Q: 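Mind looking over this structure? Questions follow.
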Amino acid sequence: MEKTFNTRSMIFTLYGDYIRHYGNVIWIGSLIRLLQEFGHNEQSVRAAISRMSKQGWLQSEKKGNKSYYSLTERGRKRMDEAAERIYKIESPSWDGEWRILVYTIPEEKRHIRDELRKELVWSGFGLLSNSCWITPNPLDEQINNLIQKYEIEDYVNYFRASHEGMKDHQNLVENCWDLDEINELYSQFIQDYSQKYIIDKSKIEKGDMTDGSCFVERTMLVHQYRKFLFVDPGLPQELLPKNWLGDSAAALFADYYKTLAKPANRFFESVFEHGNPDVQKDNGYDFLNHPLIHNHTKDNS
C-alpha cells in the first residue's frame, strides 16, 4: 500500500497502541514486518530506529544475534505525557467559571513562550488577548504541571473567574475558538469514514478482509481521529453550537474501531509472537477499549 505517514511517526504509534502493552520491547525483525504493511521498507525502518536511538527515545539490547528495541525512560515519559494530553478526559458539566492564565515571559525565554503556547492549545485553552488564555475546563493540575515543567512561576498569574460582560458566553467562545472550522473537519471525517466503515464491516463479516488490512485500517483510523484532540478544545456541552458534529464523529470512530480491533490485534500478535516468544501481554490490556473511545462518547455508550 502507499506510504502515508513517516516511518518515525508510525514507530511511535505502534509503541503507543500496541508494543507498550506487550512488555514495551520488540525484535527489530517484527517491527520491520509490521511496517511493511504500511509500505515502509527495511532500510527506512532501520534508519528511523537508529535516529530514534541517537535521540534517546529507544534503547537496544542484543539477545544472541537478534536486536530488541524498547522505549527508554524518556520515551516512556513522553508516551505517558502524550497519552494524557491526547486522550483528554471528557469535561464534566460546566461549573460556570472560566480559568484564566496570564503570563509575561521575558524575551530571552522566548523559546519557552513558544512551547507553552503549543501546550496551551493542546490542552484546550483559547487565546482571548495577547498572553491571556482562557478555558471553561478545570485544568488546574495541567497548569501546575506546565508551570513546574518550564519553571515559570515568576511570570504567571492564574485565576478562576465568572464572566460578567460585556458579551455573552457564546461570543466569548467565538472569539477564542473557531468552532465552525473544527465542525467542518468533523463533517469531513464523517463523510470520509461512514462509507468506509460500512464497506469494511461487510467485508469482515463475509471473511473478505485480511487481518493485515484490518491492522492497517485500525492504525490509520486512530491516526486520523487523534488529530481532533489537538484542535478540539473539548468544551462543555453548554458552550457548543446546536449543530455540533463532535459526538457523531466520536460514535462513528468507536463503532469502526471496535469492528477492526480484534482482527487487527490478531495480526499484530501473529507477527509479534514469532519474534518475541517470551513476552507476555499486560493482563490489564483490552484492545477493544481504546482511550479515544471514552473522550466524548459516554452519552453514546
Side-chain angles (χ1 to χ4, degrees), residues 84-105 110 112-147 152 155-194 224-254 292-300:
E84 270 179 39
R85 186 168 60 213
I86 292 167
Y87 308 134
K88 287 179 259 189
I89 303 305
E90 186 183 22
S91 305
S93 61
W94 189 35
D95 60 10
E97 289 194 332
W98 292 88
R99 281 77 182 165
I100 304 169
L101 180 76
V102 184
Y103 56 75
T104 314
I105 296 174
R110 188 175 57 204
I112 290 179
R113 199 166 58 209
D114 294 340
E115 283 299 309
L116 182 62
R117 193 179 294 126
K118 279 185 210 162
E119 299 237 28
L120 289 170
V121 171
W122 281 334
S123 297
F125 274 80
L127 185 62
L128 180 63
S129 61
N130 194 26
S131 300
C132 177
W133 295 78
I134 68 167
T135 177
N137 293 327
L139 296 177
D140 307 47
E141 191 184 336
Q142 288 92 323
I143 287 304
N144 285 327
N145 290 344
L146 282 178
I147 289 169
I152 50 174
Y155 312 116
V156 170
N157 284 295
Y158 185 55
F159 306 91
R160 285 176 62 172
S162 58
H163 181 240
E164 301 296 335
M166 304 314 292
K167 296 175 178 173
D168 60 20
H169 291 303
Q170 218 52 54
N171 286 118
L172 202 53
V173 168
E174 284 167 17
N175 283 345
C176 295
W177 296 278
D178 191 343
L179 294 188
D180 287 341
E181 188 183 332
I182 298 166
N183 222 17
E184 187 52 48
L185 293 172
Y186 275 130
S187 173
Q188 193 60 53
F189 175 84
I190 292 165
Q191 201 175 312
D192 292 345
Y193 280 88
S194 296
Q224 291 300 337
Y225 186 70
R226 195 163 50 191
K227 290 175 185 174
F228 287 114
L229 296 141
F230 290 94
V231 293
D232 183 347
L235 298 178
Q237 204 70 39
E238 296 92 327
L239 296 174
L240 291 171
K242 286 188 173 58
N243 66 338
W244 186 243
L245 294 171
D247 292 338
S248 301
L252 171 60
F253 170 80
L292 280 172
I293 288 172
H294 297 292
N295 193 57
H296 293 299
T297 54
K298 284 184 183 169
D299 297 336
N300 299 321

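Note that the structure is predicted; figures quoted are calculated from it, not measured.
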Q: So do Phe189 and Leu252 actually touch side chain to side chain, heavy atoms under 4.5 Å?
A: yes
Q: Atom CD1 in Ile105, atom CD1 in Ile112: separation rounded to 0.5 Å?
A: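 The CD1 atom of Ile105 sits 7.0 Å away from the CD1 atom of Ile112.
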Q: Please verify the inter-ring angle class for Tyr186 with Trp244; under 30° counts as parallel, over 60° as perpendicular, anything in between as tilted.
A: perpendicular
Q: Are side-chain heavy atoms of Leu127 and Leu120 found at a separation under 4.5 Å?
A: no
Q: Taking it one step at a time, do Val102 and Phe159 satisfy side-chain contact (heavy atoms from CB on, under 4.5 Å)?
A: CA-CA 8 Å; Val102 184; Phe159 306 91; 4.2 Å; yes
Q: List in chain and number order the residues that pass salt bridge (Lys or Arg N to Asp or Glu O under 4.0 Å) with Arg160, two or more places apart in sequence or in another chain; answer none if no residue qualifies.
A: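 Scan of Arg160 (salt bridge (Lys or Arg N to Asp or Glu O under 4.0 Å), adjacent residues dropped) gives Asp95, Glu97.
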Q: Check whether any side-chain N or O of Thr135 sits under 3.5 Å from a backbone N or O of Asn137 as a donor-acceptor pair, and report yes or no.
A: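 Such a contact is found between Thr135 side chain and Asn137 backbone.
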Q: Would you compute the distance between atom CD1 of Ile100 and atom CG of Asn157 and round it to the nearest 0.5 angstrom?
A: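 Reported to 0.5 Å precision, the distance equals 11.0 Å.
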Q: Rounded at 0.5 Å granularity, tell me how far CD in Glu119 sits from CD1 in Ile143.
A: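 Going from CD on Glu119 over to CD1 on Ile143, the span is 9.5 Å.
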Q: Just so I know, are the side chains of Trp94 and His169 near enough to count as touching, which here means a heavy-atom distance under 4.5 Å?
A: yes
Q: Could you tell me which residues satisfy ring-ring contact (aromatic ring centres under 6.0 Å, His included) with Tyr155, sequence neighbours excluded, listed by chain and number?
A: none
Q: Tell me the closest heavy-atom pair linking Arg99 and Asp140, and the distance in Å.
A: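 Of all heavy-atom pairs spanning Arg99 and Asp140, the closest is NE-OD1, 4.1 Å.
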Q: Here's a test for you: under side-chain contact (heavy atoms from CB on, under 4.5 Å), which of Ile134, Leu146, Leu128, Val156 qualifies with Leu101?
A: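 Testing Leu101 for a side-chain contact (heavy atoms from CB on, under 4.5 Å) against Ile134, Leu146, Leu128, Val156 leaves exactly one candidate, Val156.
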Q: Looking at Asn183 and Leu245, would you say the former's side chain and the latter's main chain have a donor-acceptor pair under 3.5 Å?
A: yes
Q: Please lay out, stage by stage, how Ser93 and Gln237 fare under the test side-chain contact (heavy atoms from CB on, under 4.5 Å).
A: CA-CA 7 Å; Ser93 61; Gln237 204 70 39; over 6 Å; no
Q: Taking all heavy atoms of Pro233 and all of Gly124, pick out the closest pair and write down the distance.
A: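 The pair with the smallest heavy-atom distance is CB-O, 3.5 Å.
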Q: Sequence neighbours excluded, which residues qualify as side chain to side chain contact (heavy atoms under 4.5 Å, CB included) partners of Asp114?
A: Arg110, Arg117
Q: Rounded at 0.5 Å granularity, tell me how far CD1 in Ile190 sits from CG in Leu185.
A: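 Here the rounded value is 11.0 Å.
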Q: Looking only at heavy atoms, what is the nearest atom pair of Ser123 and Leu139, with distance?
A: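 Looks like O-CD1, 3.4 Å.
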Q: Sequence neighbours excluded and cut-off under 3.5 Å, please list the side-chain donor-acceptor pairs for residues 170-182, or say none.
A:
from   : atom 1 : to     : atom 2 : distance (Å)
Gln170 : NE2    : Leu239 : O      : 3.3
Asp178 : OD1    : Asp180 : N      : 3.4
Asp178 : OD1    : Glu181 : N      : 3.1

Q: Tell me every residue that passes side chain to side chain contact (heavy atoms under 4.5 Å, CB included) with Ser131, counting only those two or more places apart in sequence or in another chain.
A: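 Partners of Ser131 under the side chain to side chain contact (heavy atoms under 4.5 Å, CB included) test: Tyr103.
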Q: Test of understanding: with ring-ring contact (aromatic ring centres under 6.0 Å, His included), list the residues that count as partners of Phe253, not counting sequence neighbours.
A: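 If we apply the ring-ring contact (aromatic ring centres under 6.0 Å, His included) test to Phe253, skipping adjacent residues, the hits are Tyr225, Tyr257.
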Q: Hey, what do you get for CZ (Phe230) to CZ (Arg226), rounding to the nearest 0.5 Å?
A: 7.0 Å
